[in-house]
Trainee: 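Pasting a structure here, questions to come.
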2 protein chains.
Amino acid sequence: MASMTQPDSLPGGELTARNLLQQTHGRVTPARVGVLGILLNANAALSHQEIEQTALRQGLSADRVTLYRALDWLVEQGLAHKIAGADRTWRYNAQAGIPHQHAHFHCKQCEQVFCLENLQPTLLFGLPDGYQIDEVELNLQGSCPDCRNRNAS
Amino acid sequence: MASMTQPDSLPGGELTARNLLQQTHGRVTPARVGVLGILLNANAALSHQEIEQTALRQGLSADRVTLYRALDWLVEQGLAHKIAGADRTWRYNAQAGIPHQHAHFHCKQCEQVFCLENLQPTLLFGLPDGYQIDEVELNLQGSCPDCRNRNAS
DNA sequence: AACTAAATGCAATACAGTTGCAAAATATTG
DNA sequence: CAATATTTTGCAACTGTATTGCATTTAGTT
């Protein structure tokens, strides 16, 4: 708590991360603050690798395993969620206010994964009898806005 | 081609597999015939492990790597397709007449994955601007008919 | 039967993720 | 504020799926 001059404007959403963490029953550690900050600040779902690299770039050095554990813990606490990508790696994101049921968009050009909110539950028809559906996961692939603009040079 | 007494009724769809393979430009090998037969005969998408075990049970002994390569090749030829599961394993299936765009149903009880055809392209609304969608992947989770019946003892 | 290109088997490797345990750090208590 | 109890971290070793290199074998052809 040294020198809180600027109330709420740290790079990486450090403060927000701290606040969120203090509302849990777990310990507020550098790894957790760092990871959650990175996730909050990202506009796409990040892989473990991407998180590790971003952390390093920010001067936060943490062991691979620690990151995995911090991520799992964040998911447990409901502060982040985990997406199974088509490349068989997990991706994590912590965008607030995203409902449980939403779609993921995988850009084939930049390989980033975005969470699409406001994508209302899809209307299905022709569903075979006898299947009881508990969860719906909708994955889209294509080009994200940035890449489309980049192409339309 | 020894003794073709029964025209078209082998266990495992061996003949169908052979026929399909002969229409490709590749070689018809025991591994490919066996794997494709297994896939054709299955009513769910199979993991590499399940395929290996089934193969062994049928007396077809092939190296793990050979199975992987046979599967990849079948996918290349369009005779099978590959699903990325949430458990980071690939699953393969070869059900004929399934359109490119269809849904996968993962049963949480028996852990099997079924391909749902006839599940018409979903109607989306609220899709953010700027995203160009090339592929739609719809994954459902819940209980399959068999498991539901089993529960309703 | 001989030949050639393709497929196989084996060993080694890559890579994401997990586990066990001692050392360090956090939060709590006196 | 120091002692303490508990959680978290780092390191090393380990899973398990999938891939690669290369010598050997095999399918299809001439």
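Computed from a predicted structure; not experimentally measured. Throughout, a chain's letter reflects where its sequence line sits, starting with A, and its residues are numbered from 1.
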Trainee: With rounding to the nearest 0.5 Å, note down the distance linking CG in A:L79 to CD in A:Q77.
Mentor: 6.5 Å
Trainee: Using a 4.0 Å heavy-atom cut-off across all strands, classify B:A70 as base, sugar-phosphate, or nothing.
Mentor: nothing
Trainee: Do you know which of A:L46, A:D63, A:L67 makes side chain to side chain contact (heavy atoms under 4.5 Å, CB included) with A:E52?
Mentor: A:L67
Trainee: Within the 4.5 Å heavy-atom criterion, are A:V75 and A:Y92 side-chain neighbours or not?
Mentor: yes
Trainee: Hey, can you pull the donor-acceptor pairs under 3.5 Å for the side chains in residues 137-147 of chain B, sequence neighbours left out?
Mentor:
{"residue": "B:E137", "atom": "OE2", "partner": "B:N139", "partner atom": "ND2", "Å": "3.0"}
{"residue": "B:S143", "atom": "OG", "partner": "B:Q109", "partner atom": "NE2", "Å": "2.8"}

Trainee: What is the distance from CZ of B:R69 to P of D:dT20, rounded to the nearest Å?
Mentor: 10 Å
Trainee: Run A:F114 and B:Y131 through side chain to side chain contact (heavy atoms under 4.5 Å, CB included) and show every step you take.
Mentor: CA-CA 10 Å; A:F114 304 91; B:Y131 288 89; 3.9 Å; yes
Trainee: Going by side chain to side chain donor-acceptor pair (under 3.5 Å), name the residues that satisfy it together with B:D87, two or more places apart in sequence or in a different chain.
Mentor: B:T89
Trainee: Please tabulate the protein-to-nucleotide N/O contacts below 3.5 Å involving nucleotides 27-29 of chain D, giving atom names and distances.
Mentor:
{"residue": "D:dA27", "atom": "N3", "partner": "B:R27", "partner atom": "NH1", "Å": "3.3"}
{"residue": "D:dA27", "atom": "N3", "partner": "B:R27", "partner atom": "NH2", "Å": "3.3"}
{"residue": "D:dG28", "atom": "OP1", "partner": "B:V28", "partner atom": "N", "Å": "2.9"}

Trainee: Whole angstrom is fine here: how far is it from CG in A:D63 over to P in D:dA12?
Mentor: 9 Å
Trainee: Output, in order, the C-alpha distance, side-chain angles, deciding distance and verdict of side chain to side chain contact (heavy atoms under 4.5 Å, CB included) for B:V35 and B:T66.
Mentor: CA-CA 10 Å; B:V35 169; B:T66 302; over 6 Å; no
Trainee: Tell me, please, the opening and closing nucleotides of DNA chain C, 5' to 3', among those with an atom under 4.0 angstrom from a non-hydrogen atom of chain B.
Mentor: C:dA5 to C:dG17
Trainee: Are A:R32 and A:R27 close enough, and set up right, to give a side chain to side chain contact (heavy atoms under 4.5 Å, CB included), and what steps lead you there?
Mentor: CA-CA 9 Å; A:R32 288 175 180 173; A:R27 291 187 178 172; 4.2 Å; yes
Trainee: So how far is it from A:L36 CG to A:I51 CD1, rounded to the nearest 0.5 Å?
Mentor: 10.5 Å
Trainee: Look for any protein N or O under 3.5 Å of an N or O in nucleotides 15-19 of chain D and output each such pair with its distance, or none.
Mentor:
{"residue": "D:dT17", "atom": "OP1", "partner": "B:Q49", "partner atom": "NE2", "Å": "3.0"}
{"residue": "D:dA18", "atom": "OP1", "partner": "B:W90", "partner atom": "N", "Å": "2.5"}
{"residue": "D:dA18", "atom": "OP2", "partner": "B:Y68", "partner atom": "OH", "Å": "2.7"}
{"residue": "D:dA18", "atom": "O5'", "partner": "B:Y68", "partner atom": "OH", "Å": "3.4"}
{"residue": "D:dA18", "atom": "N7", "partner": "B:R64", "partner atom": "NH2", "Å": "3.2"}

Trainee: Based on the rotation axes of five pairs at each end, what angle does the helix from C:dA1-D:dT30 to C:dG30-D:dC1 bend through, to 10°?
Mentor: 20°
Trainee: Would you say A:K108 and B:E135 make side-chain contact, with heavy atoms under 4.5 Å?
Mentor: yes
Trainee: With rounding to the nearest 0.5 angstrom, report the NE2 to CD distance, B:H48 to B:Q53.
Mentor: 10.5 Å
Trainee: Test B:K82 against every option in B:L71, B:D72, B:L74, B:N93 by the side chain to side chain contact (heavy atoms under 4.5 Å, CB included) rule and name the one that passes.
Mentor: B:D72
Trainee: Around atom CD of A:Q49, are there more than 12 heavy atoms of other residues, nucleotides or ligands at under 6.0 Å?
Mentor: no
